[in-house]
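See structure below.
Numbering of ligands and ligand atoms starts at 1, following listing order.
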Amino acid sequence: MTDNQPTSQPESNQLKTCHWRPEYRILLGLACSLFISILLGLGVYYHTPSKTASPPAMARQAPPPCLSPACLKAAARLSVVADPFAQPCDYFLVSCRSEGPSVATRGRQRGKGLAQGKRGLEVRASGNKRRGRVLNLGRATDAQTNTDALPDRLADKQTALLLVLREILESPDPRPSSMNSAEQKVRMFYRSCMDTRAIEKLGSQPVLKLIQKLGGWAVYGKWNQTNFNFILSLLMKEYSTFPFFSVYVGKDPNDSDSNGSRKYIQIDQPEFQIPVEWDSKDNKSKVKLQTARQLYSFHLQLLDLLGVPSSGTNQHTGMFLQLFSELTLAASPLPHRLQHRLLYQRMTLGELQAVAPAIDWLGCLQATFHPLPLNQSDLVLLHNLPYIVNMSRTISKWQDSPEISGSGPLHTFMILSLLHQVIPALNSKFTELQRNLSVRLGDTWEAIPHWQKCVLEAEKGFDTVLIPLMKERVGEKEAEELIQDIYSSLKSRLSVLKWRDEKSHSSVLNTVGSLTPRLSTDKEILSQAKIDQQYSEVAVSEDDYFSNYLQSLSLQKKRRNKLFSQTTAPDILSFTPSLSSEGINIPLGMFVPPFFHPSYPRAVNYGILGTLIANEILHLLLPDIQSQTEAPEKVSDCVWTHYLRLTESTRQADPPSLTHAQQQEIWVQHTAIHVALQAYNHSLLKCHDDTSLSSLSHTHLFLASFAQNNCNSDPFNERLPFEPFFLVTVICMNSDLCPKPMTCSHKSHQGFLEKC
Ligand SMILES: *[C@@H]1O[C@H](CO)[C@@H](O)[C@H](O)[C@H]1NC(C)=O
Ligand SMILES: *[C@@H]1O[C@H](CO)[C@@H](O)[C@H](O)[C@H]1NC(C)=O
Ligand SMILES: *[C@@H]1O[C@H](CO)[C@@H](O)[C@H](O)[C@H]1NC(C)=O
Ligand SMILES: *[C@@H]1O[C@H](CO)[C@@H](O)[C@H](O)[C@H]1NC(C)=O
Ligand SMILES: *[C@@H]1O[C@H](CO)[C@@H](O)[C@H](O)[C@H]1NC(C)=O
Ligand SMILES: *[C@@H]1O[C@H](CO)[C@@H](O)[C@H](O)[C@H]1NC(C)=O
Ligand SMILES: *[C@@H]1O[C@H](CO)[C@@H](O)[C@H](O)[C@H]1NC(C)=O
Ligand SMILES: *[C@@H]1O[C@H](CO)[C@@H](O)[C@H](O)[C@H]1NC(C)=O
């Protein structure tokens with residue numbers, strides 16, 4: 001497993017002459033600026049007369065090695081991989097493909113479904129969310145994955161991020177004396193989740209208590225005939241459980257008026273626990289008999305695990321199944337709803353109440369979004385009105401049927417939904433049962449380690465507490481510097497592109513010029529005192545994970561309400577830059593090892609994260625680049641010609657020519673490396689010291705670090721017709737930046753190739 005050394009920051013300053021303690025900063029600033037002017041002078045001197053002369057910074061020999069704990073780990077990883085420059089021409093052909101496991105993981109996104117639970121509320125209506133849900137419900141096991149055991153490959157982004165959060169959660173409390181701080185609570189929450197022995201011991205007791213608290217259950221003992229809408233609103237409010245429909249918060253893409261940031265409550269069909277088939281002949285959904293049987297036996301086993309006497313369970317489970325299939329009838333998949341214009345239908349709550357009267361919409365939504373004011377004239381957006389109408393009718397029908405309403409099938413439906421919601425907090429038997437169902441239904445069950453599950457749960461309820469702790473770990477200054485360097489290098493690269501016409505030219509440069517990228521830290525990062533106060537009523541106990549888990553479900557209410565107020569909800573688990581009215585937000589979560597560390601040599605930070613950021617920003621800002629410039633076509637043709645030439649001998653048939661998307665992707669990634677290299681160059685000019693790793697330094701280290709990252713399965717990389725490292729080969733062929741000249745074990749005619 002990972003070591004317990006904090007990767008945090010005391011050591012981060014020790015090796016960097018340009019990042020000293022404040023008292024030295026002024027002096028250093030003077031010295032640095034003097035030095036920079038000299039360097040610049042030298043640079044000009046070196047640059048202008050001779051293009052072949054080695055640049056001053058690059059030529060310096062043997063910079064001091066970086067010895068911080070984070071660097072030692074990075075060096076260990078570097079030393080395991082084959083030196084990409086030993087045979088740079090051949091490296092790209094074997095780098096990823098030769099390693100079994102990574103071949104297997106390419107093509108699917110690891111870490112998918114990770115934040116799905118949380119995003120459920122903010123994303124727009126999307127089609128097949130069911131798979132995510134089933135996986136999400138309890139796919140953790142105690143199995144340890146081998147991410148840490150693979151030193152030669154970088155952990156995927158999400159795992160890296162979770163590891164940092166884990167370190168935070170496992171580190172000792174810095175303020176042990178201040179009882180009841182929010183920080184202590186989140187750590188205690190995490191510990192109680194990790195304490196599987198205590199969880200196993202409690203068994204199903206906590207759930208049964210919870211059911212009693214809600215007024216009992218006809219399936220198990222007595223039921224107080226609680227009011228339908230009362231229980232429904234309680235589940236929505238306190239337990240983030242939405243049995244009959246789902247609720248999100250988000251914009252209307254059709255809102256083209258000046259005020260495009262308005263957020264709406266959005267109502268959709270629920271995420272069903274099992275696959276619902278779509279019959280395109282009569283345009284109806286249905287549940288396969290086989291699937292229904294699985295669900296039936298799953299619930300029988302679930303009730304058995306709960307200790308419910310088996311006498312009535314057949315009957316209750318049968319009714320549940322019948323209600324379930326009636327509800328699914330009017331559900332429909334996204335393409336159908338798109339075609340029939342069912343998405344984003346606007347109505348007021350009053351209108352919704354009139355067409356779907358079984359639900360007390362105002363009451364339920366007021367409970368869900370308490371204390372937000374809501375009234376009958378507020379607008380909501382619907383994503384499947386026919387389903388909602390049908391659902392309301394179905395509920396009325398079941399309520400009005402005297403012979404069955406006594407046994408409370410609607411209540412049973414809600415309690416079972418709640419059970420699904422709390423299964424992750426129960427012992428391993430429940431999780432196993434759910435896993436078995438998933439497997440039988442043909443879902444791929446990706447086991448995630450227990451600690452990851454606990455980190456994710458802690459994040460759901462306590463993100464406000466974790467954001468500032470995360471911020472402390474990230475070297476904010478180094479991060480900001482990297483962002484600014486990358487962006488200005490990107491701007492200058494774009495400014496020399498040939499545009500198709502003046503309009504494209506000015507529109508791109510205006511967009512790029514008007515935006516400022518910045519580290520997205522919650523603007524309203526609260527003070528410790530404020531956070532403590534916000535969590536003052538949350539009682540976390542060391543040995544009762546179940547009740548902690550219920551607290552965290554209840555805390556998600558706050559998170560939902562936050563979605564209304566913020567233009568950019570800072571998402572601690574995000575790894576993707578986004579646009580907002582304030583500019584480009586670069587998420588904090590990108591700045592974690594092994595992609596970035598304030599103590600790393602800058603060559604590593606620029607080589608890995610610098611390229612990544614440039615890549616993401618290009619995708620974000622220039623989705624339509626091909627209509628604006630010929631560069632993508634030209635660059636990709638050139639790179640592709642290199643590739644075809646070098647792989648000629650290993651190929652049987654001619655590969656198909658590049659698609660538009662591939663051309664664009666090649667250009668983006670090619671540009672991203674150059675942007676990052678240039679930014680690194682620039683940074684060396686500003687402050688010419690950099691440390692080294694594994695006796696690699698500067699450009700060499702930059703490219704080696706980049707190469708290390710390129711086997712990750714990244715959705716962007718999937719679009720490339722070759723491994724991203726091939727772009728380094730192109731750089732090596734086109735420049736003298738690589739340490740060794742290009743020599744290929746097979747034929748190549750590099751001399752004949754043009755530069756890209
Ligand atoms: C259910 O009914 C019993 C007996 O009438 C009562 O003691 C109990 O408090 C009720 N529980 C709830 C949650 O209403
Ligand atoms: C969205 O706007 C377009 C044109 O502005 C309109 O044709 C379409 O019907 C609108 N869709 C909805 C769901 O309002
Ligand atoms: C834009 O929307 C926000 C929130 O919905 C509102 O407070 C503000 O007054 C609106 N501004 C305009 C110009 O309509
Ligand atoms: C089902 O939908 C398709 C496409 O929307 C349509 O062509 C077809 O006629 C519909 N079938 C029935 C039975 O409504
Ligand atoms: C409902 O709330 C809106 C603001 O959200 C307000 O403008 C309107 O007057 C309210 N209507 C009633 C009937 O209270
Ligand atoms: C719900 O919709 C389905 C399919 O359109 C229909 O067969 C069923 O009768 C509807 N149920 C009710 C209660 O309206
Ligand atoms: C899950 O499935 C496995 C293998 O089919 C079985 O051994 C195990 O008992 C099942 N677990 C539960 C809780 O049903
Ligand atoms: C970095 O700078 C050196 C000279 O200072 C130059 O030769 C090299 O091409 C630059 N690299 C990039 C990617 O701009």
Side-chain angles (χ1 to χ4, degrees), residues 137-139 141-143 200 203-204 244-245 249 259 262-265 269-270 272 276-287 293-307 322-333 336-337 340 342 346-353 355-359 361-362 365-366 369-380 384-401 404 409-410 413 419 423-424 426-443 445 447 561 564-565:
L137 276 172
R139 39 174 210 157
T141 68
D142 292 331
E200 292 297 323
S204 56
F244 301 105
F245 49 88
V249 175
N259 207 354
R262 183 158 170 207
K263 306 270 181 76
Y264 299 87
I265 295 177
Q269 63 189 37
F272 295 108
V276 174
E277 312 283 325
W278 178 245
D279 183 339
S280 50
K281 271 210 202 102
D282 53 5
N283 297 341
K284 266 190 194 163
S285 286
K286 60 176 174 217
V287 178
R293 278 207 194 110
Q294 298 291 1
L295 192 65
Y296 182 70
S297 81
F298 166 77
H299 281 105
L300 284 184
Q301 284 171 287
L302 182 64
L303 294 179
D304 186 43
L305 266 185
L306 279 176
Q322 195 189 334
L323 175 55
F324 183 91
S325 14
E326 279 184 30
L327 284 173
T328 57
L329 277 178
S332 55
H336 176 83
R337 290 191 265 159
H340 292 263
L342 295 181
R346 280 171 186 242
M347 318 184 88
T348 64
L349 278 177
E351 286 161 348
L352 178 59
Q353 190 64 51
V355 295
I359 306 285
W361 293 100
L362 184 59
L365 293 175
Q366 272 172 342
F369 295 100
H370 179 83
L372 234 68
L374 279 178
N375 66 37
Q376 297 286 7
S377 47
D378 276 313
L379 279 174
V380 291
N384 190 353
L385 185 59
Y387 166 83
I388 297 291
V389 171
N390 194 280
M391 179 262 310
S392 166
R393 284 200 195 125
T394 307
I395 287 176
S396 306
K397 193 184 90 186
W398 284 67
Q399 273 171 335
D400 295 343
S401 167
I404 49 174
L410 292 167
F413 192 91
L419 268 176
I423 278 181
L426 293 173
N427 67 27
S428 58
K429 285 211 197 88
F430 287 90
T431 327
E432 196 186 315
L433 195 62
Q434 194 152 41
R435 183 171 56 222
N436 281 359
L437 175 67
S438 253
V439 170
R440 291 208 187 104
L441 293 178
D443 265 315
W445 182 274
N561 288 353
F564 280 107
S565 56

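Nearest approach of Asn384 to Ala331, heavy atoms of both residues: ND2-CA, 4.0 Å. The two residues Gln366 and Leu374 make their nearest non-hydrogen contact at NE2-O, 3.0 Å. Closest heavy-atom contact between Ser332 and Arg337: O-NE, 2.9 Å. Taking all atoms of both residues into account, the shortest heavy-atom contact from Pro373 to Asp378 is O-OD2, 4.1 Å.
Note: no N/O pair closer than 3.5 Å links Lys429 and ligand 7 by distance alone. When only interatomic distances are considered, the shortest N/O to N/O separation between Asn436 and ligand 7 falls below 3.5 Å.
A distance-only check finds a donor-acceptor pair linking the side chain of Thr328 to the backbone of Ser325 [under 3.5 Å].
Near ligand 6, Lys284, Leu329, Asn390, Arg393, Thr394 each place a heavy atom less than 4.0 angstrom from the ligand.
Residue contacts with ligand 5, taken as heavy atom pairs separated by less than 4.0 Å, involve Asp378 solely via side-chain atoms from C-beta onward. Contact annotation for Gln301 and ligand 7: only side-chain heavy atoms (C-beta onward) come within less than 4.0 Å of the ligand.
No side-chain N or O of Gln376 forms a donor-acceptor pair with one of Thr348 less than 3.5 Å apart.
Applying the ring pair (Phe, Tyr, Trp, His ring centres under 6.0 Å) test to Phe298 and every residue at least two apart in sequence or in another chain returns His420.
The six-membered or imidazole ring of Phe244 lies near that of Phe413, with a centre-to-centre distance under 6.0 Å.
Using a 4.0 Å cut-off to heavy atoms of Ser377, the atoms of ligand 5 that qualify are 1 (C), 11 (N).
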